[in-house]
Asker: 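Input: one structure, supplied below.
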2 protein chains.
Amino acid sequence: MTRAPEPEEISDVAGLLEELFRLSRRLTPPGNYSLTVYSALASLKRHGDARLTALAAHEGVSQPSMTQAVGRLKREGLVQQVPDPSDGRAVLISITDTGLAALAARSQRRSEGVAELLAALDATDQHSIIAATGALRRLIDAVPDQRPDGK
Amino acid sequence: MTRAPEPEEISDVAGLLEELFRLSRRLTPPGNYSLTVYSALASLKRHGDARLTALAAHEGVSQPSMTQAVGRLKREGLVQQVPDPSDGRAVLISITDTGLAALAARSQRRSEGVAELLAALDATDQHSIIAATGALRRLIDAVPDQRPDGK
DNA sequence: TATTGTTATACTCTATAACTATA
DNA sequence: TATAGTTATAGAGTATAACAATA
């Protein structure tokens, strides 16, 4: 049980990740915020306040894209943007109570969708998925933040 | 080991799916085809020829969106589109050898990225992810195709 | 000079509505 | 009438390039 993953197992995982995107979209009704916007919001909740550049690097989008995403969140009161007292160039983005509530509502809806899907599986499958969530989260955390200029 | 999943476990899985999108984007260099385009292409390979409407329903996008996606794939020779002999209104989309090759090249690149990420995990995590791939694929297959009109 | 962030501009993806052709 | 698909149009998301302000 300590052998290294075989190439076929790795490509299985890679193919799976591709298909999971489809699932992720289906759990996101159109008309809501984009996946990126929510991902950024979730990141602010999980990791605390962040600079715009750091947020863009973490989400893997360009700085201007994040400027626009944050602009929208700001207009709708889900985040606040304050100047960084220690650096006149920088701004700090933080999630508001409204933002936390929006995130919670969305999580609730998504959980309901996932619960329905899980219910279609047998107990063995359910438990192997649940057993793998921690590992998958660590897999995601292994994704390095993008360097702004790709250097 | 046969108890039903608890609410917290379900929301863990749901939260994970949200974060997977970030990973998915990071595995997709910009400038390539969109995730949807590749998802449709993979679906054609896996399930065989399909009507445009069926493809749109399976991917969870509108019919016009799929018309455009297929149009692009057609222009670049990755799919073929032929009239359905049994129904003059319908068309059948099929993947070409060029399309299969493009899919294989992309899978190769993504597998390399996934291999790097997996290498950052310990053996226990690696194996719990690999052990869950079958179950996760069945979870995805449990997603119903979208009705064109949402009825 | 380098970094942080915004503005300008263009392209892709997506949706809804209106349309054509066939069942 | 209903269904399969396309065309028209608009809005969101994204990128690169050029810019302003600060370090």
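Sequence lines set the chain letters: A, B, ... in the order given, protein chains first and strands last, and positions in each chain run from 1.
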Asker: With a 3.5 Å cut-off and no angle check, do the side chains of B:Glu59 and B:Thr36 form a donor-acceptor pair?
Answerer: no

Asker: Once side-chain hydrogen bond (donor to acceptor under 3.5 Å, both in side chains) is applied, do any residues pair with B:Thr133, and if so which ones, sequence neighbours excluded?
Answerer: none

Asker: Hey, does the side chain of A:Arg51 come within less than 4.0 Å of C:dT3's phosphate (OP1/OP2), counting only N and O?
Answerer: no

Asker: State which residues pass ring pair (Phe, Tyr, Trp, His ring centres under 6.0 Å) with B:Phe21; sequence neighbours excluded, sorted by chain then number.
Answerer: none

Asker: Looking at residues at least two apart in the chain, or sitting in another chain, which of them share a side-chain hydrogen bond (donor to acceptor under 3.5 Å, both in side chains) with B:Ser24?
Answerer: none

Asker: Do any of residues 81-90 of chain A sit with a heavy atom less than 4.0 Å from DNA chain D, and if so which?
Answerer: A:Asp87, A:Gly88, A:Arg89

Asker: Rounded to whole Å, please give me the gap between CG in B:Leu55 and P in D:dT6.
Answerer: 12 Å

Asker: Under the salt bridge (charged side-chain N to carboxylate O under 4.0 Å, His left out) rule, what pairs show up with a residue in residues 107-122 of chain B, not counting sequence neighbours?
Answerer: A:Glu18-B:Arg110

Asker: Tell me, for nucleotides 14-19 of chain D in 5' to 3' order, what letter each nucleotide earns: B for a base near a protein heavy atom under 4.0 Å, S for only sugar-phosphate near one, - for neither?
Answerer: BBBB--

Asker: Expressed as a whole number of angstroms, how long is the span from A:Leu73:CG to D:dA12:P?
Answerer: 14 Å

Asker: Rounded off to whole Å, could you give me the OH-to-C1' distance for the A:Tyr33 and C:dT14 pair?
Answerer: 18 Å

Asker: Which pairs with one or both residues in residues 72-120 of chain A pass ring pair (Phe, Tyr, Trp, His ring centres under 6.0 Å), sequence neighbours excluded?
Answerer: none

Asker: Check whether B:Gln126 reaches the backbone of B:Leu118 with its side chain - one donor and one acceptor, N or O, closer than 3.5 Å.
Answerer: yes

Asker: Find the distance B:Met66:CE to C:dT16:P and express it as a whole number of Å.
Answerer: 15 Å

Asker: Partners of A:Asp12 by side-chain hydrogen bond (donor to acceptor under 3.5 Å, both in side chains), sequence neighbours excluded?
Answerer: none

Asker: State, to the nearest 10°, the angle formed by the axis through the first five base pairs of the helix from C:dT1-D:dA23 to C:dA23-D:dT1 and the axis through its last five.
Answerer: 10°

Asker: What residues, two or more places apart in sequence or in another chain, satisfy salt bridge (charged side-chain N to carboxylate O under 4.0 Å, His left out) together with A:Arg46?
Answerer: A:Asp141, B:Glu19

Asker: Other members of the hydrophobic cluster containing B:Leu92, with the 4.5 Å side-chain heavy-atom rule, please.
Answerer: B:Val82

Asker: Measure the distance from CG on B:Leu52 to P on D:dT3 and round it to the nearest whole Å.
Answerer: 16 Å

Asker: Mind checking side-chain hydrogen bond (donor to acceptor under 3.5 Å, both in side chains) for A:Ser62 and listing every partner two or more places apart, or none if nothing turns up?
Answerer: A:Ser65

Asker: Phosphate oxygens OP1/OP2 of C:dG5: is one of them under 4.0 Å from a side-chain N or O of A:Thr53?
Answerer: yes

